[in-house]
Amino acid sequence: MRVSKFPLNTLKEIPSDAEIVSHQLMLRTGMIRKLGAGLYTWLPLGLRILRKAETIVREEMDLAGALEVLMPSVQPAELWQESGRWEQYGPELLRMHDRHNREFCYGPTHEEVITDLVRKQVRSYKELPLNLYQIQTKFRDEIRPRFGIMRSREFIMKDAYSFHETQDCLEQTYHGMYQAYSQIFSRMGLEFRAVDADTGSIGGNASHEFHVLAESGEDAIAYCESSDYAANVELAPLLPAAEKPLSKQAAEMSEVSTPDAKTIEQVSASLKLTAAQCVKTLLVKAEDGGLIALLLRGDHELNTLKAEKLDGVLAPLTFAEETEIKALIGCPPGFIGPLAIDCPVLADYSLIQQENFACGANKEGFHLINVNWTRDLPQPTFADLRNIQVGDPSPDGQGTIKICRGIEVGHIFQLGKKYSERLNASILDQNGKKTILTMGCYGIGVSRVVAATIEQNFDDRGICWPPALAPFQISILPINMDKSDKVRSFCEQLYSDLLTQGIEVLLDDRKARPGIMFADHDLIGIPHRVVVSERNLEKGVLEYKGRSDEESREISVEALKTELGQILKSI
RNA sequence: CGGGGCAUAGCGCAGCCUGGUAGCGCAUCUGCUUUGGGAGCAGAGGGUCAGAGGUUCGAAUCCUCUUGCCCCGACCA
């Protein structure tokens, strides 16, 4: 491709509403352009990259035995009513009417449509397992679209759905998809982790999220240094600490006046204790209409997901109103403690060994110090209530936890029978007996992958594309091409040679100054670059530089072709 | 959805408080000079100042409404 026929609409200045690097660079390089909130047009440069990502996904899905289909993006409401999600799905579902006033939605996902397809099409166990996928535009009316393509409302997704007679069979396909996903992200040159994910309200047995590791990631991931354990921080379980008897150092419990200390920070400061020596008492609503006290070490954070799964706790987790607290305890928030409290008490595992701790006195303006289990109050029920932290033991018992940030780019899920039951999707088994299908679903945010790749591969000059996603493999930058016939004819020859070799090459045939060419090609992140100048031609060499190399080096034409051939093979 | 902010040329911004008919940098176009890391000089084009209504002799500027966009917020004892 020639730059004269493939305009580089690059910007020197950063559009003011672009917050994260990928968004800034996608706008500056002219990959995308915003149409409205969460809506973007893919320009030729960006689309080239998006297509590369799609191609890799497609190839690996095909290789894993999935079959491509293309479903409508507009879906009739009836199917969603049948599955029950017409009511369940909130405002995130874009609903609309046609001219006959029939209801439709723009598909955020396709479980209903695919299940409908399969229930009509597939009759016999002999046709299973079946794994169908599509690469298609989805729409989710996000509360707050942001970060450009990363969290847009309209986006490109690869979604696959598998159908099975048995759970065993589902697990095999699930494993196959796990492998395929790993292969896809490896081929793209990404640093990623597969992490245990919430099976949540959908139920099912297993779910993994695939995260690209990047500072700007919206999710925190806990991973183990010495094993392949990884989980979303919200989900990573903590093991209970061992019980131990009251130690001899147990000091006398006493009441201390702490008039202005309401937060853990203030309490620990005024009592000259560390936050870890304090216990905080949170009151949440219970299923029976009353309250439940949750105890955490002062330096720990409550994990809402874990808490609302506990027996008796109201889901979604709701904190008690101030008036309810006053009615139950007789003092305002800030001075609550677990002693002599008239409601169930659940304490985090980390408090099992806690001694001589401080807590609220249930009396405005006072806290207790040197409180100890058994002696001063009965042992509460212990449970896993908090977020895992750096340095905690790994749940698989193999070393300690570290935390990094990740961008979720893929999610695989064992759905089970949720949709097939609701939509009555069944086949006849070997005995001629009707069997409800077991399903799996597998998504990749293809457009998000592109943004995530940039988050992981950039420097102060621009994007550094991994070769597999690069819009072009190599740039030819002629110096003074309009003045030097030698440079011109050499570049033209090299250009057509590389094209013949099957290499995607971008020849900068603009009448531009070298500085502009260097800046543009660095910005758009072409992995390889050769500079052709009269000076070097006289020496019979080219100047080569890899995008992330510190320095350029001289290279012969033959060596360049050989090297590029090698690189191409490795993609 | 709650809170805050913004809307002026393709992009980044000034002008608004104190009303007088729109400006700067980048980008674009022309010419000359330059030519190894976003050049210099000279010139040119490009704006219903988000929209509607109001006040006024006169509104980008003041008032009202509407729309769009951006940021923060679902961990508080």
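The sequence lines fix the lettering, A, B, ..., with proteins before strands; numbering per chain opens at 1.
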Pairs involving residues 5-16 of chain A, ordered by first then second residue, that meet side chain to side chain donor-acceptor pair (under 3.5 Å) (sequence neighbours left out): A:Thr10-A:Asp520
Residue whose closest nucleotide on RNA chain B lies nearer the 5' end, A:Ile336 versus A:Ile479: A:Ile479
Residue pairs fulfilling salt bridge (Lys or Arg N to Asp or Glu O under 4.0 Å) with at least one residue in residues 359-372 of chain A, sequence neighbours excluded: A:Glu255-A:Lys363
Side-chain-base donor-acceptor pair under 3.5 Å for A:Arg146 and B:G73: no
N/O (side chain, A:Lys34) to phosphate O (OP1/OP2, B:C70) under 4.0 Å: yes
Donor-acceptor pair (no angle test) under 3.5 Å: A:Asp520 side chain, B:G38 base: yes
Closest listed nucleotide, where the reference is the side chain of A:Thr10 and the choices are B:U34, B:G37, B:G38: B:G38
Lys/Arg N to Asp/Glu carboxylate O, A:Glu504 vs A:Arg48, below 4.0 Å: yes
Side chain proximity check, A:Leu542 to A:Val532, heavy atoms < 4.5 angstrom: yes
Of all pairs that satisfy ring-ring contact (aromatic ring centres under 6.0 Å, His included), the ones with a partner from residues 345-368 of chain A, not counting sequence neighbours: A:Phe335-A:His367, A:Phe357-A:Trp373
Euclidean distance, atom NZ of residue A:Lys262 to atom P of B:A77 [Å, nearest integer]: 12 Å
A:Asp522 vs A:Thr263, nearer the 5' end of RNA chain B by closest nucleotide: A:Asp522
Within residues 268-288 of chain A or reaching into it, pairs that qualify as salt bridge (Lys or Arg N to Asp or Glu O under 4.0 Å) - sequence neighbours excluded: A:Lys285-A:Glu321, A:Lys285-A:Glu324
Atom pair distance, as rounded to whole Å: CG in A:Leu291 and P in B:A77: 17 Å
Contacts of type ring-ring contact (aromatic ring centres under 6.0 Å, His included), residue A:Tyr544, not counting sequence neighbours: A:His528
Whole-Å P distance, B:U21 and B:C16: 14 Å
A:Trp465: partners by ring-ring contact (aromatic ring centres under 6.0 Å, His included), with sequence neighbours left out: none
By side chain to side chain contact (heavy atoms under 4.5 Å, CB included) - contacts of A:Ala293 (at least two apart): A:Thr281, A:Leu283, A:Ile341, A:Cys343, A:Val345
Out of B:C69, B:A27, B:C75, whichever nucleotide has its closest atom nearest the side chain of A:Lys12: B:A27
Sub-4.0 Å heavy-atom contacts from residues 535-544 of chain A onto RNA chain B, ordered by number: A:Arg535, A:Asn536, A:Glu543
At a cut-off of 3.5 Å, list every protein nitrogen or oxygen paired with a nitrogen or oxygen from nucleotides 40-43 of chain B, distance to 0.1 Å.
none

Annotated protein contacts, base or backbone, on nucleotides 2-15 of chain B with a non-hydrogen cut-off under 4.0 Å, one of B, S, - each: --------SBSS--
Residue pairs involving residues 271-301 of chain A (criterion ring-ring contact (aromatic ring centres under 6.0 Å, His included); sequence neighbours excluded): none
Pair listing, side chain to side chain donor-acceptor pair (under 3.5 Å) test, anchored in residues 451-464 of chain A, at least two apart: A:Ser22-A:Glu455, A:Ser216-A:Glu455, A:Asp459-A:Arg547, A:Arg461-A:Asp522
